[in-house]
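A short worksheet on the structure shown next.
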Amino acid sequence: MKAVLIFLSLFLLMNFAPVPEKGRLIHRFIVLPDSKLTIDGKTNVNAFQCAITQYTGKDTLVLEEGGHNKRPVFKKGYVGLEASSFDCGMKVMTNDFEKTIKAEKYPVVSIEFISLERVPKYQEKEAFKGKMKISLGGTTKTFEMNCTIEPKETGHVHLKGSRDFTFSDFNLEPPSKMLGMVKVSDSLKVKFHLILLLDKNS
């Protein structure tokens, strides 16, 4: 068992080792289809969740450490998801939610990673803050979010983050239905769960 653990540790270190590039270290990660984005909200009756459970893009994250930057920064940090892919569990609620975030006019909800507070070790689950831009309903805001990063035995890296927002943060009006009898709270929680794979061709 001890030998297996040592082998596994060496395997993870080898597979997540950054690529040196002109004095800097570059990490390139492909965003996989099982990545998802969820938005949790509340009404005066109950709670609800709207989720994009299948990522259909072809984005790659490029993280650079070293050089003049004290924090690791993303040279490429954009991840785009189709706004029309949200599912709120009920068709009426899904339709209301898509109208609220103006999915027809702004068909992409995006997260753009800017930097991390420190370099991940890719050996165990780590918690840290990340700076990023979130675009929803045509409005883009920059925030810091609480994140975790965790390598798996499969060779994948799970990057998660969450933060409390309001619809007002994105200049949106909370939806209502049933002639206004059900009111949706302005507060919401945005959560992402990205499944990443080291780009071995980089």
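Sequence positions, counted from 1, serve as the residue numbers for this chain. Keep in mind that the numbers below use all heavy atoms, side chains included, and drop hydrogens, waters and symmetry copies.
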Residue pair C147 / M132: nearest heavy atoms and the distance that separates them: SG-CE, 3.9 Å

Rounding to 0.5 Å, atoms CD (Q49) and SG (C88) come to a distance of 9.0 Å

Nearest-0.5 Å distance, NE2 of residue H27 to CG of residue L196: 12.5 Å

R28 side chain reached by V62 side chain, heavy atoms, under 4.5 Å: yes

Working to the nearest 0.5 Å, report the span between NE2 of H156 and CG of L197. 5.0 Å

Roughly how far, to the nearest 0.5 Å, is the CG atom of D164 from the NZ atom of K191? 10.5 Å

In terms of heavy-atom contacts, S168 and D186 come closest through OG-OD2, 2.8 Å

Between I111 and L172, is there shared hydrophobic-cluster membership here, with clusters defined by ILVMFWY side-chain heavy atoms closer than 4.5 Å? yes

Would L63 and I195 show up in the same hydrophobic cluster when neighbours are defined by side-chain heavy atoms closer than 4.5 Å? no

Report yes or no: do F128 and L194 belong to one cluster of Ile/Leu/Val/Met/Phe/Trp/Tyr joined by side chain heavy-atom distances under 4.5 Å? yes

Would you mind reporting whether F48 and D40 have side-chain heavy atoms less than 4.5 Å apart? no

Taking every heavy atom of H158 against every heavy atom of K152, the minimum-distance pair comes out as CD2-CG, 3.4 Å

Give the C-alpha distance, both sets of side-chain angles, the deciding distance and a yes or no for side chain to side chain contact (heavy atoms under 4.5 Å, CB included) between T60 and F29. CA-CA 5 Å; T60 297; F29 293 100; 5.7 Å; no

Hey, are the side chains of E64 and I26 touching, using non-hydrogen atoms and a 4.5 Å cut-off? yes

For residues D59 and V79, report the shortest heavy-atom separation together with the two atoms involved. OD2-CA, 3.4 Å

How close do P151 and E124 get, heavy atom to heavy atom, and via which atoms? CD-O, 3.6 Å

Is the number of heavy atoms from other residues, nucleotides or ligands within 6.0 Å of CD (E144) greater than 12? yes

So OG of S110 and CD1 of I134: to nearest 0.5 Å the spacing works out to 8.5 Å

Looking at E126, I want to see if its CD is surrounded by more than 12 non-hydrogen atoms of other residues, nucleotides or ligands under 6.0 Å. yes

Using a 4.5 Å cut-off on heavy atoms from C-beta on, say whether the side chain of K160 contacts that of E150. no

Measuring only between side-chain heavy atoms, which start at C-beta, is E82 closer than 4.5 Å to I52? no

Ring geometry between F170 and F165 (parallel below 30°, tilted from 30 to 60°, perpendicular above 60°): tilted

Please check if the distance between the ring centroids of F113 and F192 is under 6.0 Å. yes

In short, P72 meets R118 closest at the heavy-atom pair CG-O, 3.3 Å

Same hydrophobic cluster for V109 and L32, using side-chain heavy-atom links shorter than 4.5 Å among ILVMFWY? no

Just wondering, do N146 and K129 contact through their side chains at under 4.5 Å, heavy atoms? yes

Side chain to side chain, I149 and Y122, heavy atoms closer than 4.5 Å: yes

Quick check for you: to the nearest 0.5 Å, what is the distance between L81 atom CG and S135 atom OG? 11.5 Å

Can you pull out every side chain to side chain donor-acceptor pair (under 3.5 Å) where at least one residue sits in residues 93-104? Sequence neighbours excluded, please. none

For residues I39 and F143: do they belong to one hydrophobic cluster (side chain heavy atoms under 4.5 Å, members Ile, Leu, Val, Met, Phe, Trp, Tyr)? yes

Please tell me if the side chains of L136 and F167 come closer than 4.5 Å, counting only heavy atoms from C-beta onward. no

Using the rule side chain to side chain contact (heavy atoms under 4.5 Å, CB included), only one of P33, S35, S85 pairs with Q54; which is it? P33

